[in-house]
*Asks:* 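Okay, handing you the structure first.
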Amino acid sequence: MLRAKTLVHKAAMPIAIHAVRTFAAVEGGRYALDLHSDGSLDDTDFEDLERQAGRMPLRRVGMDECRETVRAQVAGLPLCSALFQRGGYMAKMSVLACEPGPFFYFDSDIVWLKPFEPVGSPDGGAVFSTETWSWYYGIRKPLAWIRERVPRRINSGFAYLQGAFPFQRLESMLGQGLYNPDHIYSTDQELLAYLFPDALTFDFGDFA
């Protein structure tokens, strides 16, 4: 069975209910869903989401469990370790990094309108949807990003990852000072674009 992941926080529950319900309605019995929490969900929230999943297999994954796994993986990588200890978008990065692929991730504010084919990459790489513009405010030394041929409009709200997370590339990126995590608008999207420069990208509107 194919694996999907989503990350839910309590404030997103009104839309997350519909995200899980509609995904279960269109996925065609091919996916099991890992339901990640940032720690704000209580048992009632999980039970509400599980009801929406119907017969689709659903597994609860707590953020503490995920972060502990990542902490072990970045032992000896001090810059990665410091980055993953941050809050905000690093919670999603932890979800993407805590287990090897293949898996498909979607944000919990996505409502599914029609069935789709299983998401994957023909060359075994990563897949992302695209924005209409770039949100890469965390970039430092932009010429280095151009030399690396980093895609400019990745949207990490809809992604497929295959294989192990590239922690060594992330450590090297941070060591070169190519990312500013303290910028008010920096996100995980520019990080993922740099980490997966050969990713397949597509217009999200074709899928949901």
Side-chain angles (χ1 to χ4, degrees), residues 1-9 12 16 19-20 23-24 27 29-41 45-46 49-50 53 56-110 112 116 118-129 154-174 187-201 207:
M1 181 165 279
L2 302 171
R3 188 158 49 114
K5 292 173 174 279
T6 192
L7 172 64
V8 182
H9 57 91
V20 172
F23 182 72
E27 56 82 27
R30 294 166 293 188
Y31 281 91
L33 180 63
D34 289 350
L35 182 62
H36 290 257
S37 167
D38 67 345
S40 63
L41 301 188
D45 296 322
F46 275 114
L49 292 165
E50 287 166 348
M56 180 179 63
L58 190 148
R59 177 173 71 109
R60 301 183 186 186
V61 184
M63 186 53 66
D64 288 345
E65 173 187 346
C66 207
R67 284 183 171 147
E68 186 60 35
T69 301
V70 171
R71 190 176 299 116
Q73 291 173 313
V74 298
L77 302 174
L79 301 177
C80 284
S81 180
L83 185 70
F84 278 103
Q85 289 176 29
R86 290 174 171 262
Y89 286 102
M90 291 308 107
K92 185 198 290 188
M93 284 285 286
S94 294
V95 169
L96 297 177
C98 69
E99 296 176 290
F103 61 79
F104 163 50
Y105 172 87
F106 63 94
D107 278 351
S108 60
D109 61 355
I110 292 174
W112 299 84
F116 63 95
V119 179
S121 174
D123 63 1
V127 181
F128 295 94
S129 62
I154 276 181
N155 182 327
S156 63
F158 186 92
Y160 173 87
L161 298 186
Q162 175 99 21
F165 192 86
F167 290 107
Q168 290 288 349
R169 181 168 171 81
L170 178 58
E171 185 77 6
S172 174
M173 171 201 188
L174 297 172
T187 73
D188 60 309
Q189 294 184 155
E190 54 267 54
L191 286 172
L192 293 166
Y194 188 92
L195 294 176
F196 300 97
D198 298 324
L200 175 68
T201 58
F207 285 79

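Residues take their numbers from the sequence shown, with the count starting at 1. Since this is a predicted model, take the numbers as computed values, not measurements.
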*Asks:* Considering all heavy atoms of both residues, which atom of Phe128 and which atom of Ser156 are nearest to each other, and what is their separation?
*Replies:*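 Between these two residues, the closest heavy atoms are CD2-CA, 4.4 Å.
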
*Asks:* Indicate yes or no for a side-chain donor-acceptor contact from Gln189 to the backbone of Asn155 under 3.5 Å, with no hydrogens or angles considered.
*Replies:*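 Not confirmed, Gln189 side chain does not pair with Asn155 backbone.
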
*Asks:* Applying side-chain contact (heavy atoms from CB on, under 4.5 Å), run through Leu96 and Leu161 and close with a yes or a no.
*Replies:* CA-CA 8 Å; Leu96 297 177; Leu161 298 186; 4.0 Å; yes

*Asks:* Can any side-chain N or O of Ser37 pair as donor or acceptor with the backbone N or O of Gly62 at less than 3.5 Å?
*Replies:*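 The answer is no, because no donor-acceptor pair under 3.5 Å joins these two groups.
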
*Asks:* Quick check on the 6.0 Å ring-centre criterion: do Trp112 and Phe158 meet it?
*Replies:*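 Under 6.0 Å, so yes.
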
*Asks:* Just so I know, are the side chains of Pro118 and Phe104 near enough to count as touching, which here means a heavy-atom distance under 4.5 Å?
*Replies:* no

*Asks:* So, do His36 and Val8 sit near enough that their side-chain heavy atoms are less than 4.5 Å apart?
*Replies:*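 A side-chain contact under 4.5 Å is absent here.
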
*Asks:* Less than 4.5 Å apart, any side-chain heavy atom of Pro102 and any of Tyr160?
*Replies:* yes

*Asks:* Return the set of residues passing side-chain contact (heavy atoms from CB on, under 4.5 Å) with Arg3 (not counting sequence neighbours), or none when no residue passes.
*Replies:*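 side-chain contact (heavy atoms from CB on, under 4.5 Å) check on Arg3 returns Lys5, Asp34, Glu99, Phe103.
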
*Asks:* Taking the side chain as C-beta and beyond, is there a heavy-atom pair between Val61 and Leu35 under 4.5 Å?
*Replies:*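 A side-chain contact is absent here, since even the closest heavy-atom pair is not under 4.5 Å.
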
*Asks:* Counting heavy atoms not belonging to Tyr89, are there more than 12 under 6.0 Å from its OH?
*Replies:* no

*Asks:* Could I get the full list of side-chain contact (heavy atoms from CB on, under 4.5 Å) partners for Ala32, not counting sequence neighbours?
*Replies:*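 Listed in chain order: Met1, Pro57.
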
*Asks:* Which residues satisfy the side-chain contact (heavy atoms from CB on, under 4.5 Å) test with Ala53, sequence neighbours excluded?
*Replies:*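 Val20, Met56, Leu58.
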
*Asks:* Table please: side-chain donor-acceptor pairs of residues 64-83 below 3.5 Å, with sequence neighbours left out.
*Replies:*
unit_1: Glu68; atom_1: OE1; unit_2: Arg71; atom_2: NH1; d: 2.3
unit_1: Thr69; atom_1: OG1; unit_2: Glu65; atom_2: O; d: 3.1
unit_1: Ser81; atom_1: OG; unit_2: Gln85; atom_2: NE2; d: 3.3

*Asks:* Check whether Ser172 reaches the backbone of Gln168 with its side chain - one donor and one acceptor, N or O, closer than 3.5 Å.
*Replies:*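 Between the backbone of Gln168 and the side chain of Ser172 there is no qualifying donor-acceptor contact (under 3.5 Å).
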
*Asks:* Is there a side-chain contact between Met63 and Val95, using heavy atoms and a 4.5 Å cut-off?
*Replies:* yes

*Asks:* With a 6.0 Å cut-off on the ring centroids, do Tyr31 and Phe23 count as close?
*Replies:* yes

*Asks:* Using the test side-chain contact (heavy atoms from CB on, under 4.5 Å), find all partners of Asp45 that sit at least two apart in sequence or belong to another chain.
*Replies:*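 Result, side-chain contact (heavy atoms from CB on, under 4.5 Å) vs Asp45: Lys10, Met13, Leu41, Asp42.
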
*Asks:* Would you please name every residue forming a ring pair (Phe, Tyr, Trp, His ring centres under 6.0 Å) with Tyr105, sequence neighbours left out?
*Replies:*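 Residues passing ring pair (Phe, Tyr, Trp, His ring centres under 6.0 Å) with Tyr105: none at all.
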
*Asks:* Is there a side-chain contact between Leu170 and Leu191 (heavy atoms, below 4.5 Å)?
*Replies:* yes

*Asks:* Flag the pair Asp38 and Lys92 as a salt bridge only when some basic side-chain nitrogen lies within less than 4.0 angstrom of an acidic carboxylate oxygen.
*Replies:* no

*Asks:* Looking only at non-hydrogen atoms, find the nearest pair between Arg30 and Phe116 and report the distance.
*Replies:*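 Heavy atoms of Arg30 and Phe116 come nearest at NH2-O, 2.6 Å.
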
*Asks:* Is there side-chain contact between Glu27 and Leu33, with heavy atoms separated by less than 4.5 Å?
*Replies:*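 Not in contact.
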
